[in-house]
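One structure is given here, and the rest of the page talks about it.
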Amino acid sequence: MTIPYSFELFPPRSASAELSLWDTIQVLAATGPDFMSVTYGANGSSRKSSLQVLTYLLEQTPVHPLAHLTCVGSSHFEANRLVREFLDAGITSFLALRGDPPAGVSEDDQFLGDLGSASELVQLIHRVQAERAQYATGFGGRIPEHRARVRVAVAAFPNGHPRSRRTNQDLDTLMAKEVSGATMAITQLFFHAEDYLGFVADARAFGVTIPILPGLMPATSPVRLERILELTGERRPGALSRALHASDSPDEQLSIGIEHSTALAREIIDGGAPALHLYSFNQHQAVVSVLDELNLINQSKETV
Ligand code: FAD
């Protein structure tokens with residue numbers, strides 16, 4: 001069994017977190033991931049620090065960086081300038097997201113700016129990249145090879161986006177993103193294999209063809225599990241929740257989280273998952289242990 005894997009990081013929120021993040025990145029990079037993605041704070045709050053982590057990945061590791069970007073609050077001009085800034089920094093892979101409303105602002109309020117959905121951001125990224133490539137070679141020049149290499153991922157929700165009104169809305173949305181030029185999807189985390197496998201089967205039946213990477217986050221403490229459930233609105237995983245809450249040993253809780261994610265990963269790989277995307281929480285121990293348990297480290301040579 002050899003499938004590629006990737007990690008998600010978030011920009012550090014303090015100087016000490018920054019120092020430990022560089023160490024974490026080096027440990028994760030040594031395992032040979034396909035890419036590492038860096039989240040983008042609500043309302044563009046982390047533009048500088050996200051770019052700093054992405055630049056570190058580019059310059060200090062052999063790992064391919066993937067930048068999350070959101071459209072919240074941007075005008076067309078600002079979104080254009082943002083994409084150009086990331087491309088100029090050497091970033092050629094993106095996760096195009098609509099983004100959530102800032103704290104205290106409701107979904108029903110006007111919070112988005114000029115771009116109304118992730119699909120529009122996918123189109124914008126391709127457009128900016130195409131214009132940039134044309135300027136780089138001069139009008140009428142042949143289409144440069146690197147233009148084809150821009151990867152634009154999008155989010156997918158196996159259990160439905162919390163705001164979806166009907167099941168097909170998530171499939172419609174994913175299809176719209178593929179038609180707009182998305183080259184792969186990464187899912188919201190989930191705790192049950194059938195959630196991912198069922199969603200992929202439905203997406204294929206609907207006509208979606210892009211790879212759908214499962215997002216997994218080892219829940220290694222009751223506090224983390226509760227926080228994940230609060231943020232995502234996912235169904236509570238009963239057995240995992242009971243086991244984590246019954247233990248008062250951090251080491252035991254870590255093992256419980258690793259064991260659960262390993263079993264989940266094994267089931268979805270057996271069911272045909274093309275890769276694993278691991279939410280690292282800026283810590284290496286749990287995600288590397290899951291990959292170790294699965295015997296995936298140093299065998300992963302493929303890319304999605
Ligand atoms: P969209 O795809 O635009 O969809 C948003 C809503 O509108 C959905 O209800 C959708 O069904 C509906 N919709 C949109 N277009 C259509 C259409 N054509 N037809 C029908 N319905 C439509 N947030 C951040 O702020 N920063 C991050 O770094 C970040 N990283 C993430 C990484 C992953 C893997 C995931 C799964 C989510 C991430 N998020 C992040 C959260 C994300 O921004 C929110 O979930 C947001 O509410 C939806 O974003 P989206 O890109 O899925 O939006």
Side-chain angles (χ1 to χ4, degrees), residues 1-6 8 34-35 37 64 66-71 79 83 92-100 107 112 114-130 143 147-216 232-235 264-265 267-279 302-304:
M1 176 181 71
T2 65
I3 59 162
Y5 49 84
S6 50
E8 180 176 304
D34 185 22
F35 64 88
S37 77
H64 190 83
L66 183 146
H68 296 211
L69 280 187
T70 75
C71 346
V83 173
T92 55
S93 292
F94 296 91
L95 174 54
L97 298 145
R98 187 199 63 166
D100 283 319
E107 281 267 347
L112 279 173
D114 285 345
L115 301 181
S117 69
S119 294
E120 291 177 42
L121 182 56
V122 173
Q123 290 171 25
L124 180 81
I125 291 170
H126 282 301
R127 204 160 51 239
V128 174
Q129 160 65 11
I143 295 170
R147 190 170 144 183
R149 286 209 305 267
V150 174
R151 271 204 282 199
V152 186
V154 289
F157 297 84
N159 289 314
H161 185 276
R163 297 280 164 176
S164 281
R165 288 184 193 89
R166 55 191 165 78
T167 321
N168 265 7
Q169 184 174 336
D170 295 290
L171 297 175
D172 277 339
T173 306
L174 186 54
M175 193 61 173
K177 294 181 196 184
E178 175 168 343
V179 170
S180 297
T183 54
M184 68 176 181
I186 303 178
T187 76
Q188 177 63 283
L189 59 87
F190 54 89
F191 293 105
H192 307 275
E194 66 272 18
D195 295 346
Y196 169 77
L197 297 174
F199 176 73
V200 173
D202 289 347
R204 297 294 174 240
F206 202 75
V208 172
T209 62
I210 52 175
I212 302 175
L213 276 56
L216 297 184
T232 61
E234 286 297 307
R235 236 179 338 134
L264 180 56
E267 224 178 318
I268 56 174
I269 292 170
D270 288 346
L276 296 179
H277 183 68
L278 294 153
Y279 295 102
E302 301 170 34
T303 55
V304 178

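Computed from a prediction, not measured in an experiment: that's the story for all the values here.
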### Message
Using 0.5 Å steps for rounding, measure from the CZ atom of F94 to the OG atom of S37.
### Response
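If we round to the nearest 0.5 Å, F94:CZ and S37:OG are 13.0 Å apart.
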### Nearest-0.5 Å distance that lies between atom OG in S117 and atom CZ in R98
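Between S117 OG and R98 CZ, I get 9.0 Å after rounding to 0.5 Å.
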### Message
With salt bridge (Lys or Arg N to Asp or Glu O under 4.0 Å) as the rule and sequence neighbours excluded, what pairs involving residues 180-198 come up?
### Response
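Every salt bridge (Lys or Arg N to Asp or Glu O under 4.0 Å) pair that includes a residue of residues 180-198, provided the two are not neighbours, is D195-R235.
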### Summary of salt bridge (Lys or Arg N to Asp or Glu O under 4.0 Å) pairs that have at least one residue in residues 197-209, sequence neighbours excluded
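Sorted result for residues 197-209: empty, none.
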Would you please name every residue forming a side-chain hydrogen bond (donor to acceptor under 3.5 Å, both in side chains) with [X], sequence neighbours left out?
X    : value
S119 : none
R127 : none
E120 : none
S164 : D170

### Task
Would you mind telling me which of V154, L121, V208 makes a side chain to side chain contact (heavy atoms under 4.5 Å, CB included) with K177?
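Among V154, L121, V208, the one that satisfies the side chain to side chain contact (heavy atoms under 4.5 Å, CB included) with K177 is V154.
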### Query
Hey, which of I269, I268, V200 is the one that makes side chain to side chain contact (heavy atoms under 4.5 Å, CB included) with P214?
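When I269, I268, V200 are each tested with P214, the side chain to side chain contact (heavy atoms under 4.5 Å, CB included) holds only for I268.
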### Sequence-distant partners of N168, side chain to side chain contact (heavy atoms under 4.5 Å, CB included), two or more places apart
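Expected list: R166, L171, F206.
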### Task
Please identify each residue that fulfils side chain to side chain contact (heavy atoms under 4.5 Å, CB included) with A79, with sequence neighbours left out.
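With sequence neighbours excluded, A79 shows a side chain to side chain contact (heavy atoms under 4.5 Å, CB included) to S74, L115, L124, given in chain and number order.
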### Query
Under 3.5 Å, side chain of H277 to main-chain N/O of Y5, donor-acceptor pair present?
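Side chain of H277 to backbone of Y5, a donor-acceptor pair under 3.5 Å: no, none is there.
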### Query
Looking only at atom types and distance, does a side-chain atom of Y196 sit under 3.5 Å from a main-chain N or O of I212, one as donor and one as acceptor?
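Yes.
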I need the minimum non-hydrogen distance between [X] and [Y], along with the two atoms involved.
X    : Y    : answer
A265 : L276 : CB-CD1, 4.1 Å
G181 : H126 : O-NE2, 2.8 Å
L174 : A203 : CD2-CB, 4.5 Å
A275 : L213 : CB-CG, 3.9 Å

Give the table of side-chain donor-acceptor pairs shorter than 3.5 Å for residues 183-193, with sequence neighbours excluded, one pair per line with atom names and distance.
| residue | atom | partner | partner atom | Å |
| --- | --- | --- | --- | --- |
| T183 | OG1 | V152 | N | 3.1 |
| T183 | OG1 | V152 | O | 3.3 |
| T187 | OG1 | G215 | N | 2.8 |

### Query
Is the closest basic N to carboxylate O distance between D34 and R151 below 4.0 Å?
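Salt bridge: yes.
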### Query
Does one side chain, of T173 or H161, offer a donor that lies under 3.5 Å from an acceptor on the other?
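Per modelled atom types, T173 and H161 side chains form no pair under 3.5 Å.
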### Task
For H68, check ring-ring contact (aromatic ring centres under 6.0 Å, His included) against everything at least two apart and list the hits.
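Partners of H68 by the ring-ring contact (aromatic ring centres under 6.0 Å, His included) criterion come out as none, since no residue qualifies.
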